[in-house]
Structures are given as C-alpha cells and as structure tokens.
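Note that the structure is predicted; figures quoted are calculated from it, not measured.
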Amino acid sequence: MPEIARFYGIVIKMFFKPKEHEPSHIHALYGEYMGEFNVQTMEMMQGDLPPLE
C-alpha cells in the first residue's frame with residue numbers, strides 16, 4: 001500500500017484498485033491508532049483514531 005503523505009506524525013496510505021479492494025479508501029496511522037476512510041465520503045469505515053480538537 002503506497003504512502004501518499006506524512007505530516008504531524010500522521011501517515012496516509014491509499015488503496016485504489018477498482019473491483020479488487022472496494023470501496024477505495026485511505027488508511028490514516030497515528031502512533032498506535034488507525035482509521036480507514038472511504039475516499040468518496042471521507043467517513044471513517046473502521047478504526048480508533050482520536051477525535052479532532
């Protein structure tokens with residue numbers, strides 16, 4: 001899974017293979033936390049990232 005960004009300790013990786021890994025999504029990693037976000041809606045599909053303040 002290619003890393004597409006890294007900032008403030010957050011690493012963003014993206015899966016984008018139509019029909020193979022649906023829905024297209026990104027992984028956000030922050031320390032021991034992880035979240036998977038739908039690319040079209042930007043809703044967290046699963047994970048335990050702390051809320052933004």
Set of residues satisfying side chain to side chain contact (heavy atoms under 4.5 Å, CB included) with respect to Ile12, sequence neighbours excluded: Ile4, Ala5, Phe7, Ile10, Ile26, Ala28
Hey, does Phe37 have a side-chain heavy atom less than 4.5 Å from the side chain of Met44? yes
Pairs satisfying side-chain hydrogen bond (donor to acceptor under 3.5 Å, both in side chains), at least one member in residues 42-51, at least two apart: Glu36-Gln46
Which pair of non-hydrogen atoms, one from Lys13 and one from Leu29, has the smallest distance, and what is that distance? CE-CD1, 4.0 Å
Quick check: closest heavy atoms across Tyr8 and Tyr30, and the distance to 0.1 Å? O-CE1, 3.7 Å
Any idea how His27 and His25 line up, ring-wise: parallel (<30°), tilted (30 to 60°), or perpendicular (>60°)? tilted
Once salt bridge (charged side-chain N to carboxylate O under 4.0 Å, His left out) is applied, what residue pairs with a partner in residues 1-12 remain, sequence neighbours excluded? Glu3-Arg6
Are Val11 and Leu49 grouped together when hydrophobic residues (ILVMFWY) are joined by side-chain heavy atoms under 4.5 angstrom apart? no
Do you reckon Tyr33 sits in the same ILVMFWY cluster as Met42, going by side-chain contacts under 4.5 Å, direct or chained? yes
Residues in side-chain hydrogen bond (donor to acceptor under 3.5 Å, both in side chains) contact with Gln40, at least two apart in sequence or another chain: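 For Gln40 there are no side-chain hydrogen bond (donor to acceptor under 3.5 Å, both in side chains) partners, ignoring immediate neighbours.
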